[in-house]
2 protein chains.
Amino acid sequence: MPWDLKSDRPIYTQLVEQIKLMVFSGTYPPGSKLPSVRDMAQEAAVNPNTMQRALAKLEEDGLIITHRTSGRSITEDASMIELAKTKLARDQIFEFLEKMRLMGFDQKEILTIITTMAKELK
Amino acid sequence: MPWDLKSDRPIYTQLVEQIKLMVFSGTYPPGSKLPSVRDMAQEAAVNPNTMQRALAKLEEDGLIITHRTSGRSITEDASMIELAKTKLARDQIFEFLEKMRLMGFDQKEILTIITTMAKELK
DNA sequence: ATTATTGTATTAAGCGCTTAATACAATAAT
DNA sequence: ATTATTGTATTAAGCGCTTAATACAATAAT
């Protein structure tokens, strides 16, 4: 919800990611209506063009539907959302494990560190 | 070792990351000599200026030492490398857990998915 | 009917990143 | 002594991203 935008990557890709997370977590349930481009842009403190670009990408991915004059909404297809969510999770894990492997950690170490940190975070 | 450069982030930051991984994994041990800027640039298929920028950043971080006319080498300080390695690992895990949490996974689910995938990767 | 709101498009400017082409000083290698 | 190699610096060009300022068509709201 708090828009966390860094300068090390294009903003619009970060917007895509964060909106995805909101969809996956149920902040925007299937079929629900999104705020207007202008409102979302203001919320995230970015130019409307940039937000537009992010939303266009999400529509391209099939996660969002555009109604020319009445705004946008999340797809009704809940199973598709679930699928995208699972894929993102697996991609994240894979990327993470690969990086840890390149750093020289073996699997036992990785699991130990994760369980430790997960507990710390309560 | 295989330079994996994507176009979604500045190249020089990706070079920094990948060189770091090589240092952490022991590809370049403490005190060892690095190839010249020009050679590394050619190896990674980037402009020498871009590689120079990445190496300058690594020097700024204290991981690399520059000898004006005889090239660069990895710091002798092995414990410092170990520290940076641990920090990077923890940052990775934190970032990953945070993203999973935002997606709506709880800790039990996360651990299950990870152990499953870790086994799949053998 | 009129007005407000929707997504969309365009143009111009500024910025950082990347490349290419050079050049230089210091010094290691010969 | 001469040559090759080192990091370093500079300039110009092109590119994508972002912003700002506008404008338009379609239609929902009044």
Side-chain angles (χ1 to χ4, degrees), chain A residues 2-20 22-23 28-76, chain B residues 2-20 22-23 28-76:
Chain A
W3 297 91
D4 179 23
L5 301 173
K6 319 209 163 166
S7 60
D8 65 339
R9 269 182 315 152
I11 295 178
Y12 84 94
T13 60
Q14 299 181 58
L15 293 174
V16 168
E17 286 178 10
Q18 292 185 34
I19 295 170
K20 259 190 192 171
M22 290 192 282
V23 174
Y28 293 119
S32 65
K33 200 166 171 311
L34 279 176
S36 74
V37 195
R38 289 169 178 81
D39 285 353
M40 292 190 73
Q42 188 167 32
E43 239 293 319
V46 299
N47 190 276
N49 294 327
T50 307
M51 183 57 78
Q52 162 77 14
R53 185 166 185 176
L55 294 171
K57 180 67 170 63
L58 286 166
E59 185 178 16
E60 195 182 306
D61 294 347
L63 220 60
I64 278 179
I65 281 132
T66 301
H67 312 96
R68 190 74 175 66
T69 56
S70 65
R72 287 180 233 250
S73 56
I74 309 298
T75 177
E76 306 267 4
Chain B
W3 297 91
D4 179 23
L5 302 173
K6 318 210 165 167
S7 60
D8 65 339
R9 270 182 314 152
I11 293 177
Y12 85 95
T13 60
Q14 299 181 57
L15 293 175
V16 167
E17 286 178 10
Q18 292 185 32
I19 295 170
K20 259 190 192 171
M22 292 193 282
V23 173
Y28 292 120
S32 65
K33 199 166 172 309
L34 279 176
S36 75
V37 196
R38 290 169 178 82
D39 286 352
M40 292 190 73
Q42 189 167 30
E43 239 292 321
V46 299
N47 190 277
N49 293 328
T50 306
M51 181 58 77
Q52 162 76 14
R53 185 166 185 176
L55 293 171
K57 180 68 172 60
L58 285 166
E59 183 176 19
E60 194 182 306
D61 294 347
L63 220 59
I64 278 179
I65 281 131
T66 302
H67 311 97
R68 191 73 176 65
T69 57
S70 64
R72 287 180 233 250
S73 55
I74 309 299
T75 177
E76 306 265 4

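Convention: sequence-line order gives letters A, B, ...; per-chain numbering from 1.
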Heavy atoms only: give me the nearest H67(A)-S73(A) pair and the separation to one decimal. CE1-OG, 2.9 Å
Read 5' to 3' with Watson-Crick or G-U pairs under 3.5 Å, [ ] for crossing pairs and | for partners on another strand, DNA chain D gives ||||||||||||||||||||||||||||||
Quick one: D39(A) CG to dG7(C) C1', roughly how many Å, whole number? 13 Å
Measuring from R72(A):CZ to S32(A):OG, what's the distance to the nearest 0.5 Å? 14.0 Å
Quick check on dG7(D): is either OP1 or OP2 less than 4.0 Å from any side-chain nitrogen or oxygen of T66(B)? no
Under 3.5 Å donor-acceptor, D61(B) side chain and L63(B) backbone: no
Are side-chain heavy atoms of R53(A) and V16(A) found at a separation under 4.5 Å? no
Provide, to the nearest angstrom, the distance between the CZ atom belonging to R38(B) and the C1' atom belonging to dA4(D). 11 Å
Tell me: CG of L34(A) to C1' of dG7(C), nearest whole Å? 13 Å
Do E76(A) and I65(A) come within less than 4.5 Å of each other through their side chains, counting heavy atoms only? no
dT5(D) C1' sits how many Å from Q42(B) CD, rounded? 15 Å
Can you list, in residue-number order, the parts of residues 44-53 of chain A that come under 4.0 Å of DNA chain C, counting heavy atoms only? N49(A), Q52(A)
W3(B) side, atom CH2; M51(B) side, atom CE - distance, nearest 0.5 Å: 4.5 Å
Nearest 0.5 angstrom please: E59(A) CD to L55(A) CG, how far? 9.0 Å
Find the distance R9(B):CZ to dG16(C):C1' and express it as a whole number of Å. 16 Å
Atom-pair distance (CG on L55(A); P on dG7(C)), nearest Å: 8 Å
At a cut-off of 3.5 Å, list every protein nitrogen or oxygen paired with a nitrogen or oxygen from nucleotides 27-30 of chain D, distance to 0.1 Å.
residue, atom, partner, partner atom, Å
dT27(D), O4', T69(A), OG1, 3.1

Between P of dT8(D) and CD1 of I64(B), the distance in whole Å: 11 Å
How long is the line joining CG of D8(A) and C1' of dC17(C), in whole Å? 13 Å
Tell me, do I64(B) and T75(B) make a side-chain contact under 4.5 Å, heavy atoms counted? no
Looking at OG1 of T13(B) and NZ of K57(B), how far apart are the two atoms once the value is rounded to the nearest 0.5 Å? 10.0 Å
Think R72(A) has a side-chain N or O under 4.0 angstrom from the OP1 or OP2 of dT8(C)? yes
Straight-line distance of L34(A) CG to M40(A) CE, nearest 0.5 Å: 5.5 Å
Separation between OG1 (T50(A)) and CD (Q14(A)), nearest 0.5 Å, reads 11.5 Å
